[in-house]
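What follows is a single structure, written as structure tokens, with notes after it.
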Number of protein chains: 2
Amino acid sequence: MEEWLMQKNVTASDVARALGMSQSTVSRVFTPGASVSAKTRKKVLEAAQQMGYRPNAIARSLITKKSNMIGIVMGDVKNPFYPNVLSMFSRELGKKGYHLLFVNTKNNQISDDEIFQLCEYNVEGIIITDALLTSSLASYFKDKQIPIVMFNRYEQNSLFHAVSCDNIDGGYQIGKYLLTKGHRHLAFISGNPNTSTSHDRKKGFQEALQESGYTYTTEYGDYTYEGSYQATLRLLKSALPLDAIFCANDIMALGAIDAAKEIGVRIPEDVSIIGFDDIDLAAWSAYSLTTWKQPVNKMIAATIELLLKHIEKPEQNNLIIYKSIKGSLVERKTVMDRH
Amino acid sequence: MEEWLMQKNVTASDVARALGMSQSTVSRVFTPGASVSAKTRKKVLEAAQQMGYRPNAIARSLITKKSNMIGIVMGDVKNPFYPNVLSMFSRELGKKGYHLLFVNTKNNQISDDEIFQLCEYNVEGIIITDALLTSSLASYFKDKQIPIVMFNRYEQNSLFHAVSCDNIDGGYQIGKYLLTKGHRHLAFISGNPNTSTSHDRKKGFQEALQESGYTYTTEYGDYTYEGSYQATLRLLKSALPLDAIFCANDIMALGAIDAAKEIGVRIPEDVSIIGFDDIDLAAWSAYSLTTWKQPVNKMIAATIELLLKHIEKPEQNNLIIYKSIKGSLVERKTVMDRH
DNA sequence: CTGTTAGCGCATTCAT
DNA sequence: ATGAATGCGCTAACAG
């Protein structure tokens, strides 16, 4: 009885043999929607429990061609925004029976090889976060019909669905807000300018300023605390008048605040700072950062919906969908009314 | 020629047929250590490239019984320490050809079901980070001989290998250090007291103080910024004299700093604060936190070594190894010399 | 409802 | 060095 416990891998056949029934009957017990009598189901379940049997997902997926695995590609785990996103994807997809195969990219540069490896595992779909595909990879996936959703990044004429915050709107509203509060000498600290997020936030910001006839300075902050810290130093030490800085993400805004404090520039009395994301850190009392809240919950939900729809109905997906979801202003203490 | 591109899944047989050779020959080309002539290898490789063939890892693992997947279970992604750890595991294991199946737990409570699902995927090993196994799960894994390494957590009489920082030593050195710097009224803000990390750090701290005849207050900080923020408020608003706080991790130390500042208590002039971890945030100029550096690189390396050794030589692993690696003090600006 | 059969895509004997 | 045959553990189609 108990010697099953010693066995390395108990298979459905083992259970079947022990019970004097066929392997397929055992299999049916573990196959949703298959028909088994209540009595045999009970017997099988008990024996499985006893013997420590669990269906082998690998073997199953070989035949069903459903691995129930989804690849997730993530670059910048240093920005708290992303671990949070990862956690939410894990939870939500877990509820639906999917598991995450995690790939971390260096420098947000997706290596073809890493991604091919994902495919070899028959992932049913891939979520790409803060990174872009090389065009050769893109067409490979297109040919292979592997569903992909870009999260928080997109490209012109992309071959794949994308979900992000409405970054243009966010940038625009931030510009308006800063102007409304009486700021006239503005600066933008950018992330990697090749990213749609940084690009769009800047674009919206620029539109708002242009409408009112204002211009602004741009510095490169690399989407990192350190990068923005240095950028802010350059900005504040220059001769340019400056009363507000819009940072393309929160982590850079925090770097900007710290840099300002370091050289005795008061926030917000001397210069206002506004971020983008609304990460947990932004609410810490050390910062109390005024920022733009990305609707992460909705973005996650939209991504999953798009991905699963594509997975379930591969045929009707010639149409590329780009969802952009509006965020909202979170007023804290780093922007002052200058009137 | 090109119509292969339209095909859903190109198999080894497809390639073999196109080349007029056997499936096994094709297979051998992709099997390290198998013998194929240079000429046929070249032909196969070219055809595979043409036709978009890649070996199916699922099918392969079914027969080799090597999935090349490792499960990683992680709880608190809000503490930046862990995303960083995840990223490093991903990189290092990736180099060795392993992929990560990621599971996020709620409340650091590993649900049996989630873990069983990992097993169904034939993960070759599991890394458990900042969470513990229920004892029923533990014995299940023991029976199944699935290698597990606990990272940054361990239990008495654990059935599994564990790797962590030498937390007792860390706590001890911190106690000594604070005393040496002339502090006499000490407090400890704990994480979850059921965790070995919090427990051991406290234990070492306590030893150091006892040796010199000092006592200390304990407050519960829950390993979170918020929890520690409140704990610090309680501490500072009480009538107790206080000149130094040791927080069981960095994120709590940051909460403590912010709480102190909020009510006008100067750091380090009025009270010194020291953390544990040395996360990136600790070095930010807003905090300049003096802390204890966990040797993350070494811890990761040790974990991987233990895990892979166990995977490769399952038989000789009745011996449970617990590796604890010494950390080091990082002096910044939150501890003052009170002499 | 259950047993028999076939085969998913591959690595691995055993021949040659 | 290569081909033929076998089976990993499972689900699905087909009988009954």
Side-chain angles (χ1 to χ4, degrees), chain A residues 4 7-45 47-48 51-69 97 117 119-124 144, chain B residues 4 7-45 47-48 51-69 97 117 119-124 144:
Chain A
W4 290 110
Q7 197 150 332
K8 270 295 273 219
N9 271 310
V10 185
T11 73
S13 303
D14 294 331
V15 178
R17 200 174 315 121
L19 256 40
M21 55 177 69
S22 83
Q23 178 268 327
S24 28
T25 303
V26 174
S27 169
R28 275 189 270 261
V29 172
F30 294 93
T31 305
S35 61
V36 208
S37 77
K39 210 198 307 186
T40 55
R41 152 167 278 118
K42 183 159 169 287
K43 272 168 59 180
V44 168
L45 251 21
M51 302 166 62
Y53 169 73
R54 321 208 107 237
N56 180 330
I58 297 289
R60 169 182 290 169
S61 80
L62 188 57
I63 176 155
T64 59
K65 299 190 178 302
K66 285 211 45 107
S67 66
N68 283 319
M69 291 194 291
Q117 291 183 10
C119 294
E120 293 175 12
Y121 279 92
N122 281 4
V123 292
E124 297 187 38
K144 281 277 192 178
Chain B
W4 290 110
Q7 196 151 331
K8 270 294 273 220
N9 270 309
V10 185
T11 73
S13 303
D14 294 331
V15 178
R17 200 174 315 120
L19 257 41
M21 54 177 69
S22 80
Q23 176 267 324
S24 21
T25 303
V26 174
S27 168
R28 275 188 270 261
V29 172
F30 294 93
T31 305
S35 61
V36 208
S37 77
K39 209 197 309 184
T40 55
R41 150 167 282 117
K42 184 159 170 287
K43 272 169 58 181
V44 169
L45 251 19
M51 303 167 62
Y53 168 73
R54 319 210 107 234
N56 180 330
I58 297 288
R60 169 182 290 171
S61 82
L62 188 58
I63 177 158
T64 59
K65 299 188 179 304
K66 284 212 45 109
S67 66
N68 282 320
M69 291 193 292
Q117 291 183 9
C119 294
E120 293 175 12
Y121 279 91
N122 282 2
V123 291
E124 297 188 39
K144 280 278 190 177

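Within every chain, numbering begins at 1; the chains are lettered A, B, ... in the order of the sequence lines, protein sequences first and strands thereafter.
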Checklist entry - Step by step, would you call A:T40 with A:V26 a side-chain contact (heavy atoms from CB on, under 4.5 Å)? => result CA-CA 9 Å; A:T40 55; A:V26 174; over 6 Å; no
Item to check | Verdict with reasoning, A:K66 to A:S61, per side-chain contact (heavy atoms from CB on, under 4.5 Å) | outcome: CA-CA 5 Å; A:K66 285 211 45 107; A:S61 80; 5.8 Å; no
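Under the 4.5 Å side-chain criterion, counting only non-hydrogen atoms from C-beta, B:Y121 is not in contact with A:N56. Two residues are said to be in side-chain contact when any heavy atoms from C-beta on lie closer than 4.5 Å; A:S37 and A:R41 fail this criterion.
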Checklist entry - Which letter, B, S or -, goes with each nucleotide of nucleotides 7-16 of chain C from 5' to 3', with contact meaning a protein heavy atom under 4.0 Å? => result BBBBBBB---
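In this structure, the salt bridge (charged side-chain N to carboxylate O under 4.0 Å, His left out) partners of A:R54, at least two apart in sequence or on a different chain, are B:E120. Applying the salt bridge (charged side-chain N to carboxylate O under 4.0 Å, His left out) criterion to A:R28, with sequence neighbours excluded, gives no partner residue. Under the side-chain hydrogen bond (donor to acceptor under 3.5 Å, both in side chains) criterion, A:K65 pairs with no residue, sequence neighbours left out.
Using a 4.0 Å heavy-atom cutoff across all strands shown, B:S37 reaches sugar-phosphate atoms only and no base atom.
Axis deviation across the helix from C:dC1-D:dG16 to C:dT16-D:dA1 amounts to 30°, comparing end segments of five pairs, rounded to 10 degrees.
With a cutoff of under 4.0 Å to any heavy atom of chain A, the contacted region of DNA chain D is bounded 5' to 3' by D:dG9 to D:dA13.
Between the side chain of B:T11 and the backbone N or O of B:D14, at least one donor-acceptor pair lies under 3.5 Å.
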